[in-house]
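What follows is one structure encoded as structure tokens, with my remarks underneath.
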Protein chains: 2
Amino acid sequence: MTSPALTKNQTLVFDVLTKSESALSAYTILDKLRDNGFRAPLQVYRALDKLLEHGMVHRLESLNAFVACAHQQSACCGSHGHGTVAFAICDSCGHVIEFHDHEVDHRLDDWARGQRFKPEKRTIEIRGLCESCA
Amino acid sequence: MTSPALTKNQTLVFDVLTKSESALSAYTILDKLRDNGFRAPLQVYRALDKLLEHGMVHRLESLNAFVACAHQQSACCGSHGHGTVAFAICDSCGHVIEFHDHEVDHRLDDWARGQRFKPEKRTIEIRGLCESCA
DNA sequence: GCAATTGATGTAATAACATTACATTTCAAG
DNA sequence: CTTGAAATGTAATGTTATTACATCAATTGC
């Protein structure tokens, strides 16, 4: 998967997420970009849609929030080309750890195959306390 | 885990979910219960909170919707006492399949232990197409 | 060059999901 | 009987996401 050139708004949103320690809601991103001319939620959601398509950003379903993909170019599965992403989310400090587990992926795929279910998108999120907060 | 007697509102909400083919949003439940005297979202959310506590209902994070637990009394892990629940959700017909995979659970627990991350709640959802819709 | 198409943007309004705050009722334990 | 805990009723508000429509910018094909 390639990472095409980003538009101005996409770059702004991506930068905000990249600099953030934790996941951000669309409206939090909006507030951070008011000084850059952002005025409406849709400006954020549109940029996020593209970034999600490109695999550069992930949505945390249990938080209704977004994080920049933690993968480096050199990662095991290629640049943003990986399959399932999983997250551990600290409910205390908000820190998010992105990880991948091929065994889990494989297991879920097996289950789906057995059911003749055709997976499109998987969500794996663990809420809890990180090492620092435990 | 025991299933304590439900209050009137809890029973109404649980019955609506049990009779439904697919997951329902809180507001959809509210509409279905207008004739039973429901007038405000909070009446639904309060009932759902208790039902979630009792493990009789699950929340689908990727859908912001709720389903009755598909587990029977006789299921492998005891009545509503199971650990992680996983779901396959058909994006076409809305059908939800609840399942459990101890291998996946174990694998995620292992990962968490390795990170000294203390899990509280896990979310596993597969969106896609069911056998009938594929 | 220039129309036509496509994708990105700006803005307002609204829809959908969820919680806070506060008053009242129910009901069982003491 | 009363009193304390849990459930309920209601209104208001907060948060997340989308629809609709107008405009602008870059590219393509003629």
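What you see below is based on every heavy atom in this structure, not just the backbone, and it leaves out hydrogens, waters and symmetry mates. Proteins come first, then strands; the chains are lettered A, B, ... in the order of their sequence lines, and each starts at number 1.
Going from atom CG of Leu33(B) over to atom C1' of dT8(D) covers 14 Å, rounded to whole Å. Lys8(B) has its NZ atom 15 Å from the P atom of dT25(C), to the nearest Å. One atom, CG of Leu52(B), and another, C1' of dT19(C), lie 15 Å apart when rounded to the nearest Å. Rounded to whole Å, the distance from CG on Leu30(B) to P on dA16(C) is 13 Å. As rounded to whole Å, 20 Å separates atom P of dA16(C) from atom CD of Glu61(B). Atoms CG (Asn9(B)) and P (dA6(D)) sit 17 Å apart, rounded to a whole Å. The interatomic distance linking Ile29(B) (CD1) with dA16(C) (P) rounds to 16 Å, in whole Å.
For dA8(C), one of the phosphate oxygens OP1 or OP2 lies less than 4.0 angstrom from a side-chain nitrogen or oxygen of Lys50(A). Using a 4.0 Å cut-off, no side-chain N or O of Thr7(B) falls inside it from OP1 or OP2 of dA6(D).
Applying the side-chain contact (heavy atoms from CB on, under 4.5 Å) rule to Ser22(A) yields the partners Ser20(A); only residues at least two apart in sequence or on another chain are considered. Residues forming a salt bridge (charged side-chain N to carboxylate O under 4.0 Å, His left out) with Glu21(B) (at least two apart in sequence, or on another chain): none.
Annotation: side-chain hydrogen bond (donor to acceptor under 3.5 Å, both in side chains) contacts involving residues 6-16 of chain A, sequence neighbours excluded, comprise Thr7(A)-Gln10(A). Residue pairs meeting the salt bridge (charged side-chain N to carboxylate O under 4.0 Å, His left out) criterion with at least one member in residues 104-113 of chain B, sequence neighbours excluded, are Asp101(A)-Arg107(B), Asp109(B)-Arg122(B), Asp110(B)-Arg113(B). Applying the side-chain hydrogen bond (donor to acceptor under 3.5 Å, both in side chains) rule to pairs touching residues 125-134 of chain A yields Ser62(A)-Glu125(A), Ser62(A)-Arg127(A), Asp91(A)-Arg127(A), sequence neighbours excluded. Screening residues 27-47 of chain B for salt bridge (charged side-chain N to carboxylate O under 4.0 Å, His left out) gives Asp31(B)-Arg34(B) as the qualifying pairs, with residues at least two apart or on separate chains.
At its two ends the helix from dG1(C)-dC30(D) to dG30(C)-dC1(D) runs along axes set 20° apart, each axis drawn from five pairs and the angle rounded to 10°.
Within the 6.0 Å centre-distance limit, the rings of Phe87(B) and His58(B) are counted as a close aromatic pair.
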| query | How does protein contact run along nucleotides 10-18 of chain D, one letter per nucleotide 5' to 3', with B for base contact, S for sugar-phosphate only, - for none, heavy atoms under 4.0 Å? | reply | B-----BBB
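The other residues sharing a hydrophobic cluster with Leu108(A) are Ile97(A), Phe99(A), Val104(A), Trp111(A), Phe117(A), Ile124(A), Ile126(A), Ile97(B), Phe99(B), Val104(B), Leu108(B), Trp111(B), Phe117(B), Ile124(B), Ile126(B), where clustering joins ILVMFWY side chains under 4.5 Å apart.
Atom CZ of Phe14(B) is separated from atom NZ of Lys19(B) by 11.0 Å, given to the nearest 0.5 angstrom.
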